[in-house]
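Indexing begins at 1, ligand by ligand and atom by atom, following the structure's order. Along the sequence shown, residues carry numbers from 1.
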Amino acid sequence: RGKRAFIAGVADDNGYGWAIAKSLAAAGAEILVGTWVPALNIFETSLRRGKFDESRVLPDGSLMDITKVYPLDAIFDCPEHVPEDIKNNKRYAGSTKWTVKEVAESVKEDFGSIDILVHSLANGPEVIKPLLETSRNGYLAAISASSYSFVSLLKHFVPIMNPGGATISLTYIASEKIIPGYGGGMSSAKAALESDTRVLAFEAGRKHKIRVNTISAGPLRSRAAKAIGFIDMMIDYSLENAPLQKELSAEEVGNAAAFLASPLASAITGAVVYVDNGLNAMGVGV
Ligand code: NAD
């Protein structure tokens, strides 16, 4: 049987989640995605109308098939935690069962189990504010959407993951080095995500034989990255200063994720793997 993957954080064909889905599909995996509720409508409509068909093409010429799209809001663990204003929000009212617990239950009901879990989502409402100007709420929101969301996904999906399975998240070097402009507590959220990768690798490894790794990716012009506002500068900086002077493609991150999710990486867990043209290894720009 081929592997089955659930990829949380796909809402268009520009981000890392989409590229990871493609690389996993090219390697023979069945693809399920979790799409942020407010983005669900436009994503499903675009899929249906063939807007992504060009970017669905796999190396063998076939089109990536997404078996099912689940609505998901990873800042809520169960229906009891959803506040009234969200429940009654027009963008949420059209969908059901989108808390993390309910999505895991739906996937179990539909497919029984999965082998690969990918977390490719982040949100920091105050990301454009320096840390010194970030509010408590903004900071906690960044941690909730970008770090705890991974803990919660793992907590609810590990019970339906087959032993030997793998989980992957996406992080950024701002967790360990100063990257001015990556504010709002997002640098803190990525530091938490990387630390949790180690602790969760231990817990999920011992208990369920599940591997947990994170990819520290270089800059990509995704929807989320454009919202931060400095992405073109970071891409130029990398082009100028990284050991490999080429633009990073989402596919390169997708391929690394496919490797990490595969038996080829069966002894790799608790790792932060850099897929950034080597920029992390530089001490000074030259
Ligand atoms: P993206 O916009 O494609 O992906 C982010 C996704 O998160 C979106 O689909 C969005 O709808 C979803 N999302 C936001 N809040 C959510 C919530 N509460 N519940 C469910 N989904 C939610 O952008 P991307 O840059 O590909 O981001 C994917 C991951 O890669 C993120 O963790 C990001 O921090 C990381 N990353 C990106 C870069 C970069 O330069 N683009 C670099 C390093 C790491």
Determine yes or no for a side-chain-to-main-chain donor-acceptor pair under 3.5 angstrom, with [X] supplying the side chain and [Y] the backbone.
X	Y	value
E252	S249	yes
T197	L193	yes
S262	F259	yes

### Message
Test: salt bridge (Lys or Arg N to Asp or Glu O under 4.0 Å). Region: residues 17-39. Which pairs qualify, not counting sequence neighbours?
### Response
R4-E30

### Task
Could you check K101 against E105 for salt bridge (charged side-chain N to carboxylate O under 4.0 Å, His left out), going step by step and ending with a plain yes or no?
CA-CA 6 Å; K101 179 167 178 269; E105 283 167 0; 3.5 Å; yes

### Query
Knowing that exactly one of I210, N213, L260, I114 qualifies, which makes a side chain to side chain contact (heavy atoms under 4.5 Å, CB included) with T167?
I210

### Query
Just one of V10, I7, V118, L170 clears the side chain to side chain contact (heavy atoms under 4.5 Å, CB included) bar with Y16, so which one?
L170

### Query
Salt bridge check: are E126 and R136 linked by an N-O gap of less than 4.0 Å?
no

Considering [options] one by one, which has a heavy atom nearer to [atom] than any of the others?
atom	options	answer
atom 30 (O) of ligand 1	D276, L170, V103, I228	L170
atom 19 (N) of ligand 1	S222, A74, A224, A174	A74
atom 32 (O) of ligand 1	K226, H119, K190, M234	K190

#### Entry: N or O pair under 3.5 Å between Y16 and ligand 1
yes

### Query
Any nitrogen or oxygen of D73, main chain or side chain, under 3.5 Å from a nitrogen or oxygen of ligand 1?
yes

#### Entry: Ring geometry between F157 and F6 (parallel below 30°, tilted from 30 to 60°, perpendicular above 60°)
parallel

Identify the protein heavy atom lying closest to [atom], giving its residue, its atom name and the separation to 0.1 Å.
atom	result
atom 3 (O) of ligand 1	G15 CA, 3.2 Å
atom 14 (C) of ligand 1	A122 O, 3.5 Å
atom 41 (N) of ligand 1	L220 O, 3.0 Å
atom 7 (O) of ligand 1	L121 CB, 3.3 Å
atom 21 (N) of ligand 1	W36 CB, 3.4 Å
atom 9 (O) of ligand 1	A11 CB, 3.4 Å

### Message
With a heavy-atom distance limit of 4.0 Å, tell me whether A145 approaches ligand 1 through its side chain, its backbone, both, or neither.
### Response
neither

### Task
Examine the proximity of ligand 1 to T171 and report which part, side chain or backbone, both or neither, has a heavy atom under 4.0 Å away.
backbone

### Message
Only heavy atoms of P219, strictly under 4.0 Å: list the atoms of ligand 1 that pass.
### Response
40 (O)

### Query
Quick one: which ligand 1 atoms are inside 4.0 Å of a heavy atom on R223?
2 (O)

Contact check, [X] vs ligand 1, heavy-atom distance below 4.0 Å:
X	answer
S149	no
L72	yes
S120	yes
V37	no

### Any residue meeting side-chain hydrogen bond (donor to acceptor under 3.5 Å, both in side chains) with T214, in chain and number order, not counting sequence neighbours
S169

### Task
Could you grab the distance from atom CG of L72 to atom OG of S149, nearest 0.5 Å is fine?
9.0 Å

